[in-house]
Amino acid sequence: MCQTCGCALPDHLQHASTEHDVHTVEVLEGLKSHNDAAARHNREHFDRAGLLVVNLMSSPGAGKTRLLEATIEALGGRHRLAVIEGDLETENDARRIRAKGVPAVQITTGSACHLDATMVHRAAHALSLDELDILFIENVGNLVCPASFDLGQHANVTLLSTPEGDDKPLKYPVMFRSSDLVLVTKTDLLPVLDDFDVEAVKEHMHRLASAAPVMALSSKSGPLDAWLEWLEAGLAERRRPFRPAPSPDGERLLTRPGLPGHLASTAP
């Protein structure tokens, strides 16, 4: 069990009845409140620097690091990138990113199965945010806990690799409902995985009442065009100038009308 969050224990939050349960709820609510405050602080840092922050989540082995390597190869010449890596142990993934010429800060969580906002805050201070365009956070491989912790990111992207099966959105709805984009990865394996249906993933997301787009790609053989265009659009939205917009009570608010999904909800 994760020693940081107790794996969220949502049932305890709803059905606490004993003194022990009530104490557990108080601890977890305090933990969540502290994390949310740290996430707001992170977002203020990121917004002030004018960069786009993308949180990558998936089960272990879905191809997050390989996707980052391919993205760096495609975008590294046009944008300034950096990565915060999360793993229980080792700096293996950070070394792979640094080998591509991109700064990477490794967070080793020990027994914790997710990153939290305080961990990301410490890692962000090791980077020159004002010199970046896009910051990727590669969360710990896990389809449960990472969805419960706001890190201050602007968008959540969940990877689903073809060997995992196309029914993961139904098995892990909290994770997929929190996603602003779903990437079906390792599509180069589809010729030998004839029981995986990309259209079924889209249908499952529709059943979850999610409007997140589903894109299929292979970091090994491509194409990455749709993913790269999504990143470019997200960065452009983050840098769109504020403009006045009317509010119901007649006041003039500063907003970015037209922002899609989570990018809009986090606009200051």
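These numbers come from a predicted model, not from an experiment.
- Using a 4.5 Å cut-off on side-chain heavy atoms (C-beta onward), F46 and L129 make contact.
- Of all non-hydrogen atoms in D188 and S221, the two that sit nearest each other are CB-OG, 3.8 Å.
- For H206, the NE2 atom is loosely surrounded, since the number of other residues' heavy atoms within 6.0 Å does not exceed 12.
- Annotation: side chain of L75 is in contact with side chain of E232 (closest heavy-atom distance under 4.5 Å).
- Between D47 and R238 there is a salt bridge, since a side-chain N of the basic residue sits under 4.0 Å from a carboxylate O of the acidic one.
- Evaluated for a salt bridge (Lys or Arg N to Asp or Glu O under 4.0 Å) with E69, the options K64, R95, K100, R96 yield exactly one hit, R96.
- Cluster annotation: L228 and L181 are assigned to the same hydrophobic cluster (Ile/Leu/Val/Met/Phe/Trp/Tyr, side-chain heavy-atom contacts under 4.5 Å, transitive).
- For the pair R98 and E91, the salt-bridge criterion is met [side-chain N within less than 4.0 Å of a carboxylate O].
- In the hydrophobic cluster analysis, where Ile, Leu, Val, Met, Phe, Trp and Tyr join through side-chain heavy atoms closer than 4.5 angstrom, L143 is grouped together with L208.
- Closest of all the heavy-atom pairs between L88 and A112 is CD1-O, 3.5 Å.
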Using the side-chain contact (heavy atoms from CB on, under 4.5 Å) rule, take L189 and F196 through it: C-alpha gap first, then chi angles, then the decisive distance, then the call.
CA-CA 10 Å; L189 298 177; F196 189 100; over 6 Å; no

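- The shortest heavy-atom contact between A39 and L151 is CB-C, 3.9 Å.
- For S179 (side chain) and V182 (main-chain N/O), no donor-acceptor pair under 3.5 Å exists by modelled atom type.
- S218 places none of its side-chain heavy atoms less than 4.5 Å from the side chain of L190.
- Inter-residue side-chain proximity for R43 and H154 is flagged as met; some heavy-atom pair is nearer than 4.5 Å.
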Pair S178-M57, side-chain contact (heavy atoms from CB on, under 4.5 Å): steps then yes or no:
CA-CA 10 Å; S178 73; M57 303 182 290; 3.9 Å; yes

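- You'll find the side chain of D87 reaches within 4.5 Å of the side chain of Q106, heavy atoms only.
- A salt bridge links R239 and D133; the closest N-O separation between the charged side-chain nitrogens and carboxylate oxygens is under 4.0 Å.
- Two residues are said to be in side-chain contact when any heavy atoms from C-beta on lie closer than 4.5 Å; K186 and L193 fail this criterion.
- The two residues G165 and L160 make their nearest non-hydrogen contact at O-CD1, 3.6 Å.
- Once rounded to the nearest 0.5 Å, the distance linking OG1 of T162 with CG of D195 reads 9.5 Å.
- Counting non-hydrogen atoms of neighbouring residues, nucleotides and ligands closer than 6.0 angstrom, the CD atom of E73 exceeds 12 such neighbours.
- Minimum interatomic distance between V201 and P169 (heavy atoms only, all atoms of both residues): CG1-CG, 4.2 Å.
- If you chain together hydrophobic residues whose side chains sit under 4.5 Å apart, V184 and L170 never meet in one group.
- The side-chain heavy atoms of T118 and H34, taken from C-beta on, include a pair separated by under 4.5 Å.
- A distance-only check finds no donor-acceptor pair linking the side chain of N139 to the backbone of N55 [under 3.5 Å].
- Relative orientation of the F136 and W227 rings is tilted, given thresholds of 30° and 60° on the angle between their planes.
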Does L56 form a side-chain contact (heavy atoms from CB on, under 4.5 Å) with L183? I'd like the steps, not just the answer.
CA-CA 10 Å; L56 298 177; L183 292 179; 5.6 Å; no

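- Side-chain N or O atoms of D166 include one that pairs as donor or acceptor with a backbone N or O of D197 at under 3.5 Å.
- Under the 4.5 Å side-chain heavy-atom criterion for grouping Ile, Leu, Val, Met, Phe, Trp and Tyr, V144 is connected to M205 within one hydrophobic cluster.
- Remark: the backbone N or O of D36 is not paired with any side-chain donor or acceptor of D150 at under 3.5 angstrom.
- One distance of note links NE2 of H114 with CG of N35; it measures 7.5 Å at 0.5 Å rounding.
- In this structure, L224 and A70 approach most closely via the heavy-atom pair CD1-CB, 3.6 Å.
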Given the rule in the side-chain contact (heavy atoms from CB on, under 4.5 Å) test, do H45 and H121 qualify, once you have shown the distances and angles that lead to the verdict?
CA-CA 9 Å; H45 273 298; H121 181 260; 3.8 Å; yes

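- T187 places a side-chain N or O within donor-acceptor distance of the main-chain N or O of L217, the cut-off being under 3.5 Å.
- Within the 4.5 Å cutoff, the side chain of K168 has no heavy atoms near those of the M175 side chain.
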